Amino acid sequence: MFDRIVLKKILPFLATNDILLFYGARQVGKTTLMRLIQQKHITEQSLFFDLENPDYLDLLDKSPELFVAYLKSYHAWIENRRIVVFIDEIQYLTNPTNFLKYIYDNYPNIKLIVSGSSTLEIRGKLKDSLVGRLMKFEIYPLAFEEFLSFKGKDNLAQMTGKPIGFEMVNNELRFYYEEFTTYGSYPKVVLANEVELKKAYLKQIHESYIQKDIKDIGKIREVDKFNRMVRILASQTGNLLNISELSRTAGVTINTINEWLFLLENTFVVKLIRPFSGNIRSELSKMPKLYFIDTGLKNSIENSFEITGNGFENSFFSYVNHGYKTEKLSFYRTQDKKEIDFIVDGTPYELKTAYNGGKLTALDYFKENYDQQGNVVTLHKQPNDNYNIMYPWEF
């Protein structure tokens, strides 16, 4: 098992009495992260309950006191000695709020660390009464740094995020970044050594998670139209999201499109980013852009694993998003259609799979108005005096 970047945020809370909640899409590594914490970072007695096991689900669903009685009877309970309890897929409980609140309030020696797979299910079941008792941690597919570690390339992982002067090293990093762009960063997919295995795992995630689990969570009846919309979104990643046009193409109402987008965003399939603006009201009134959380899943839905411009753009979104480097990610577009792919913490980044060194009007315009140097992120550099040219792994 490999460490994850988010561990740095989690570890200080292992010693507190807060309930820790890990949430994110299926197969991003929540269970493995919990197991890793249990094995490497917990010194007290600990127990693990997977609620996909119907016996455990039945036990916890009956009553919190019955669960505590089970701990006392079968797990060498010592009064007032701390015990750490891991509960996987907490949303399966009928009333997880009641269970967690009761244990927290009445048994301070029980430290709870739990996971859930959908913010919609969790949001529907975890009530405001847990405020002040619960710390939430969103778990994404692997960041590029983690991707390299999973590949056994810790030496390369340590080089990310800074300029690299050796082209031999950049060539090796380009090889792995192209895989990151093509097949994404779900842990199981990254660890698969054969292309056909990677494609099969991505297809399985698409079919079981998007076409089954999410459909059931959203109680979707027009399944064919929903799947058509998802395919359209995959093909238009990085474009402005025109809800009216999407509604006409998919053959459903605008309200239905908005409901489905909300569902996809809250089940960690896509993420909407807003235009850069100093005025929040103005920012929210303009069309957003949409990216898939995982580029491999996007490519599997499209059934195309070629590196395209929008796929490269999506990979950079994933690089920034999964690496926990910023919470402020937007794009720039003027009324006369000057557009910059990303604004990260106020700094502009234009994405080019290959850059020929030409002038980029939008970056020049942004510098004139905001006094921020333009950056070009590319897989193939050309010397240039006008902009800061970088590989994505140098961001």
Side-chain angles (χ1 to χ4, degrees), residues 144 147-148 156 159-185 234-241 273 275-276 287 289-292 295-296 298-299 302 304-321 323 325-326 329-395:
F144 185 57
F147 175 97
L148 292 169
L156 293 178
M159 295 183 180
T160 60
K162 50 196 164 191
I164 298 170
F166 299 100
E167 203 54 31
M168 184 182 299
V169 175
N170 283 317
N171 288 337
E172 190 174 7
L173 280 162
R174 182 183 299 109
F175 172 83
Y176 287 108
Y177 193 87
E178 287 175 351
E179 181 181 333
F180 177 79
T181 301
T182 305
Y183 301 108
S185 59
S235 68
Q236 296 182 354
T237 299
N239 294 341
L240 290 177
L241 187 61
I273 69 169
F276 174 83
M287 283 190 286
K289 290 167 69 171
L290 178 143
Y291 294 95
F292 275 72
T295 53
K298 179 195 84 71
N299 291 340
E302 283 191 279
S304 173
F305 291 89
E306 299 294 324
I307 295 180
T308 61
N310 72 348
F312 179 54
E313 191 176 323
N314 203 128
S315 76
F316 187 72
F317 161 81
S318 298
Y319 182 99
V320 176
N321 186 63
K325 292 179 171 65
T326 180
L329 181 64
S330 58
F331 68 95
Y332 183 72
R333 183 180 171 90
T334 63
Q335 290 185 345
D336 59 354
K337 299 182 181 180
K338 294 184 183 71
E339 186 169 342
I340 300 170
D341 293 323
F342 295 103
I343 308 297
V344 186
D345 291 331
T347 301
Y349 295 85
E350 182 68 14
L351 276 290
K352 301 285 184 186
T353 49
Y355 176 55
N356 62 10
K359 293 277 285 181
L360 299 171
T361 304
L363 287 181
D364 295 340
Y365 182 84
F366 194 89
K367 184 177 181 181
E368 288 174 13
N369 286 274
Y370 295 96
D371 194 28
Q372 287 287 340
Q373 174 67 29
N375 298 273
V376 178
V377 181
T378 181
L379 291 174
H380 302 280
K381 284 185 178 182
Q382 289 286 344
N384 188 282
D385 295 329
N386 298 310
Y387 316 109
N388 179 30
I389 314 298
M390 66 174 68
Y391 295 119
W393 51 88
E394 293 178 315
F395 170 81

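Just so it is clear, the structure is predicted and the values come from calculations on it, not from any experiment.
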Measure the shortest side-chain to side-chain distance between [X] and [Y] over non-hydrogen atoms and say whether it is less than 4.5 angstrom.
{"X": "W393", "Y": "L148", "answer": "no"}
{"X": "L240", "Y": "K289", "answer": "yes"}
{"X": "L329", "Y": "F342", "answer": "yes"}
{"X": "Y177", "Y": "Y391", "answer": "no"}
{"X": "T347", "Y": "N375", "answer": "yes"}
{"X": "F144", "Y": "F395", "answer": "no"}
{"X": "T237", "Y": "F317", "answer": "no"}
{"X": "V320", "Y": "F316", "answer": "yes"}

- Candidates Y349, F276, Y387 - the one meeting ring pair (Phe, Tyr, Trp, His ring centres under 6.0 Å) with F366: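 Answer to the ring pair (Phe, Tyr, Trp, His ring centres under 6.0 Å) test with F366 among Y349, F276, Y387: F276.
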Output the distance between atom [atom1] ([X]) and atom [atom2] ([Y]), rounded to the nearest 0.5 Å.
{"X": "N299", "Y": "T182", "atom1": "CG", "atom2": "OG1", "value": "6.5 Å"}
{"X": "N239", "Y": "E313", "atom1": "CG", "atom2": "CD", "value": "8.0 Å"}
{"X": "L360", "Y": "I340", "atom1": "CG", "atom2": "CD1", "value": "9.0 Å"}
{"X": "Q372", "Y": "Y332", "atom1": "CD", "atom2": "OH", "value": "12.5 Å"}
{"X": "E368", "Y": "L363", "atom1": "CD", "atom2": "CG", "value": "11.5 Å"}
{"X": "L173", "Y": "E167", "atom1": "CG", "atom2": "CD", "value": "10.0 Å"}

Spell out, as yes or no, whether a donor-acceptor pair under 3.5 Å connects the side chain of [X] to the backbone of [Y].
{"X": "N170", "Y": "I164", "result": "yes"}
{"X": "E350", "Y": "V376", "result": "no"}
{"X": "T181", "Y": "G311", "result": "no"}
{"X": "S315", "Y": "F312", "result": "yes"}
{"X": "N369", "Y": "Y365", "result": "yes"}
{"X": "N314", "Y": "T295", "result": "no"}

- Message: Is it true that, when you exclude K381 itself, more than 12 heavy atoms of the residues, nucleotides or ligands shown sit nearer than 6.0 Å to its NZ?
- Response: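 Counting other residues, nucleotides and ligands, NZ of K381 exceeds 12 neighbours.
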Nearest heavy-atom pair of [X] and [Y]: which atoms, and what distance?
{"X": "K338", "Y": "D336", "answer": "NZ-OD2, 2.5 Å"}
{"X": "S330", "Y": "P275", "answer": "CB-C, 4.1 Å"}
{"X": "G357", "Y": "Q382", "answer": "N-CB, 4.4 Å"}

- Under 30°, 30 to 60°, or over 60°: which ring-plane class applies to F180 and F147, parallel, tilted or perpendicular?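 Perpendicular, since the angle between the ring planes exceeds 60°.
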- Message: Under a 4.0 Å threshold between the charged nitrogen and the carboxylate oxygen, would R174 count as salt-bridged to E178?
- Response: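 A salt bridge is absent here (no side-chain N lies under 4.0 Å from a carboxylate O).
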- Message: Evaluate N310 against K298 for side chain to side chain contact (heavy atoms under 4.5 Å, CB included), listing each step before the verdict.
- Response: CA-CA 11 Å; N310 72 348; K298 179 195 84 71; 4.0 Å; yes
- Message: Between E172 and M159, does the side chain to side chain contact (heavy atoms under 4.5 Å, CB included) criterion hold? Intermediate values first, please.
- Response: CA-CA 12 Å; E172 190 174 7; M159 295 183 180; over 6 Å; no
- Message: Testing the 3.5 Å rule here: is there a donor-acceptor pair between the side chains of Y355 and N384?
- Response: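 Distance-only check passes for Y355 and N384.
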